[in-house]
Amino acid sequence: MDWEFITIGEEHFLIVSNAQNRALEGDHLTNIYKWRGVEKFVRVHQMDVLPNTDWEVFTDKNDLYFVYSNAKGKTSQVLKAFFTPS
């Protein structure tokens, strides 16, 4: 449904929204990909969250947050990231 591109420091990421209805194992996982040059974007993390259609990323001072819209219901979440640059 949505690809959200973010830059943290000098690193680049894509977050992919996933609005599947959990019919099959893995349907519900939202993936985060990191740019690795020759390898292109490589999956570095999966999140088991509600089906979603959009992601937004914002900061508050030094804290990084992800918020997503729920594709199937009325509840969405704000997630705080704990990020360690590589």
Side-chain angles (χ1 to χ4, degrees):
M1 299 290 301
D2 180 51
W3 291 79
E4 188 73 25
F5 176 81
I6 63 170
T7 299
I8 303 171
E10 295 183 17
E11 299 178 311
H12 308 287
F13 298 88
L14 287 174
I15 302 172
V16 183
S17 66
N18 188 344
Q20 298 301 315
N21 61 8
R22 300 175 182 238
L24 300 172
E25 184 177 338
D27 274 355
H28 57 284
L29 296 174
T30 290
N31 294 299
I32 298 179
Y33 297 88
K34 179 179 178 182
W35 179 254
R36 293 226 171 120
V38 174
E39 295 178 77
K40 312 247 187 271
F41 279 100
V42 176
R43 187 177 66 209
V44 293
H45 188 67
Q46 290 182 312
M47 295 183 288
D48 187 0
V49 295
L50 298 169
N52 52 80
T53 57
D54 187 34
W55 283 88
E56 295 298 327
V57 179
F58 64 94
T59 59
D60 179 31
K61 298 181 183 173
N62 292 328
D63 296 324
L64 179 68
Y65 296 90
F66 300 91
V67 61
Y68 70 87
S69 59
N70 185 332
K72 308 283 184 185
K74 296 179 182 179
T75 304
S76 295
Q77 291 182 311
V78 175
L79 308 169
K80 183 176 180 181
F82 294 94
F83 179 75
T84 305
S86 55

*Asks:* Working to the nearest 0.5 Å, report the span between CZ of Phe66 and CE of Met47.
*Replies:* 6.5 Å
*Asks:* When rounded to the nearest 0.5 angstrom, what is the spacing between OH in Tyr68 and CG in Asp54?
*Replies:* 12.5 Å
*Asks:* According to a hydrophobic-cluster definition based on side-chain heavy atoms being under 4.5 Å apart (Ile, Leu, Val, Met, Phe, Trp, Tyr only), do Ile6 and Tyr33 belong together?
*Replies:* no
*Asks:* First locate atom CZ of Arg43, then atom CZ of Arg36, and finally report the distance between them rounded to the nearest 0.5 Å.
*Replies:* 11.5 Å
*Asks:* Between Phe41 and Trp3, is there a shared hydrophobic cluster once you connect ILVMFWY residues whose side-chain heavy atoms come closer than 4.5 Å?
*Replies:* yes
*Asks:* Taking atom types as modelled and ignoring hydrogens, do the side chains of Thr53 and Ser17 form a donor-acceptor contact shorter than 3.5 angstrom?
*Replies:* no
*Asks:* Among Asn70, Val49, Val67, whose side chain to side chain contact (heavy atoms under 4.5 Å, CB included) with Gln77 holds?
*Replies:* Val49
*Asks:* Is the side chain of Asn52 donor-acceptor paired with the backbone N or O of Leu50 at a distance under 3.5 Å, no angle test?
*Replies:* yes
*Asks:* If you round to the nearest 0.5 Å, how far is CH2 of Trp55 from CG of Asn18?
*Replies:* 10.5 Å
*Asks:* Would a single hydrophobic cluster contain both Phe13 and Leu79, if residues Ile, Leu, Val, Met, Phe, Trp and Tyr are joined by side-chain heavy-atom contacts under 4.5 Å?
*Replies:* yes
*Asks:* Using every non-hydrogen atom in the two residues, find where Ser69 and Ser76 come nearest and quote the distance to one decimal.
*Replies:* CA-OG, 3.4 Å
*Asks:* Find the distance between CZ (Phe5) and CD1 (Ile15) and round it off to the nearest 0.5 Å.
*Replies:* 11.0 Å
*Asks:* Examine distances only and state if a side-chain atom of Thr7 and a backbone atom of His12 form a donor-acceptor pair shorter than 3.5 Å.
*Replies:* no
*Asks:* Just how far is it from atom NZ of Lys34 to atom CG of Leu14, taken to the nearest 0.5 Å?
*Replies:* 13.0 Å
